[in-house]
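What follows is a set of notes on a single structure, which appears directly below.
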Amino acid sequence: MIETAEATKFQYNPRYKPNQLICGHGQTGVIAGWTVKSAIAKRLQSHEFAVIGQLYSPTRGISFLIRNLLANPHVRFLVILNGTKEDRNAGGCECLLDFFRHGFSEGKSDTGRECWLINSPIPGYIDIEINAASLDKLRQSVEWCEVKSITEVVEKVKSYGLKNTVKPWGESLIFPQTEVIPTVLPGTRYGHRIEGKTIAETWVKIIHRIKTTGTIRPTGYDGQWQELIDLMAVVTDEPSGFYFPEPNYLPCDSTFIEEYIHQIIDDAPILEGVKYTYGQRLRSWFGKDQIEQVIHKLISEIDAASAVMSLWDVKDHEKGGSPCLNHLWLRVVDNELSLTATIRSNDMYMAWPSNAMGLRALQQYIRDEIAKRSDYNLKIGPLITVSQSAHLYDDTWENADQLIKKQYAKLCQKRDFYDPSGNFLIEIEGNEIVIKQTTPGSGEVVACYSGKEPLKLVREIAAASPGIHPEHIGYLGIELQKAAESLKTGNPYLQDSK
Ligand SMILES: O=c1ccn([C@H]2C[C@H](O)[C@@H](COP(=O)(O)O)O2)c(=O)[nH]1
C-alpha cells in the first residue's frame, strides 16, 4: 500500500537541546542557520516538517545536530538555509553541507580532543564516540539541499512533503557522551573588575576569572554555563587597527571583524527572519540616529554626562531574541573619550572579543567625527564593557582551560609591577617601621604608616587602599616581616635586599 503525505505521523524526539527545537510530524528537517526558526515555522504545518532548529556554529552545533538526526532515522530530507551574512561569517551551514558533500576524517579539535573532523575548509567537529559507520549511513540515507531564503525553504519542504512516506533508514541510534565537570574555586560572584591593555589580553584574564570562579548554572538553552554577574572589563590601549595575537588565539580574525563593524556602525533594513542589528537599533529603530545625537551632544557640551544611546526597546519583552547590547555611554575626561557599554547577556568566549572590537570601532568613529566637525581633538580613552551575565557555555570549557594554560600563564610572567595604588617605601626610624606611600607617577608622598607589628600595618594599608594588587600586599607583608626582624636583632634593614 502506498501511504500519502497526509498520513505521515512521525514524532521527532530530540535527545539534545529539546527546548531549542520546533518539532513536527514530517520527514524533513530544516536547518535554519541564523534565520529565526519561528519565521519558518509559521509558514509550515507541523505534518510537513520533522524539526526546525538554528545552527549557529560549526564547532559547537553540528555534533548535537547529528546526534539528534541519528536518534531520529525517520528524517530522510534536510533543507539547509545558508542565506544570511551571519551564516557566511559563522560557517555552520557551509560546514554541515561539507559533511554531506565530502564526509569526515579522524582528527583533533583545536583543544587536542580526538574527534571526527569534517572534510571542509571550515573547522567542524563531530564527537568521536559516534560510530563512523553510522555517520556514513546517515550521509547516504538523507537527501539534502541548500537554499538561500525562507521562501525557498517553504517550497522545498512542501515538495519533499508531497513524496510518499519513506521508511526510516534504520533504528534510532544513541551514542555516549563524555561530560567534563570543572572545579570551581571560591570567589565573589558579583561585580568583578578586569583591566588589560588590549582586548586580547583582557579577554584572557576574563576567561580565567570566569572559568576559575564562575557559578555553574543551567543556561536556559539546554546546557550549562559558568557565570559571573556584572563583570566590568576595562581595555586601556587597544590600537586602532586592532591587535590580533600571532598565532591568533582569539575566536575571531580581522576579516570577520571588518564585516562585523558594519553591523554596529551602519543602519540596516528590517528583514524577516533577521532579529536585529545593533546599527539598526542605533541609527533608525527609534526614529532618531542616536550616533549622530551623541556626536552633536558632545560637540555642543563636551562635559555632558548624558551622551547616551539606548538599544533596548520596551517591546523587546514581547518576543525572544532581544538585543544583548543595551546601553552605551560616552564621556570626555581630561580630553579623553571613553565608551562604556552595558551588555545584559554576554558569551565571553565566543562573542566578547568581537563585541569589544565592534564597540572600539564605534568609539573611534565617534572620536574621529567629533574631530572632523569641531575643534576637539580628543584622545581615545578606555573601552569599558559591563557584562551583566558574563558566561562561558559548557562547550567552551575545554578551550577555556587550554587558553588559561597557555596564555594566562604567559601574562602572569609578564608583570610590570605597576600598581595604581602606588609604591610603598619601608624604612626603620628609631624603634619603629615607617612606610611612606607614594603616587605611582611622580612619587609624591601621600600617606605614612608607622608601627612595630607587620600584620597590623598590612591591615592598615589594605584598609586604606583596598584596590592594592594582591601580589603587592603579599610582597609588603614579607618586607614588613623582615623589617620587624631587624627591629628585634638590631641589624640594618634595606627594602628589597635578600
Ligand atoms: O552581541 C552579542 C549577541 C549575543 N551574545 C550571546 C549572549 C548569550 O549567550 C546569547 C543570547 O542569548 P539570550 O540572552 O538572548 O537568550 O548570545 C553575545 O554575547 N553578544
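The shown structure was predicted, so the numbers you read here are calculated from the model rather than taken from an experiment. When reading the values below, keep in mind they use all heavy atoms of this one structure, side chains included, and skip hydrogens, waters and symmetry mates. In each ligand, atom 1 is the first atom listed, and ligand 1 is the first ligand listed.
- Gln177 has its side chain within reach of Tyr16: a pair of non-hydrogen atoms, C-beta onward, lies under 4.5 Å apart.
- The number of heavy atoms from other shown groups lying within 6.0 Å of CZ (Arg101) is above 12.
- Annotation: Arg15, atom CZ; neighbour count of heavy atoms from other residues, nucleotides and ligands within 6.0 Å does not exceed 12.
- Taking a heavy-atom cut-off of under 4.0 Å, ligand 1 is surrounded by Tyr221, Tyr278, Cys324, Arg344, Ser345, Asn346, Asp347, Ala351, Asn355, His391, Tyr393.
- Within 6.0 Å of the CG atom in Asn19, the count of heavy atoms belonging to other residues, nucleotides or ligands exceeds 12.
- With Arg281 as the partner, the salt bridge (charged side-chain N to carboxylate O under 4.0 Å, His left out) test is satisfied by one option alone out of Asp289, Asp316, Asp266, Asp267: Asp316.
- Pairing each heavy atom of Gln20 with each of Gly220, the nearest pair is NE2-O, 3.7 Å.
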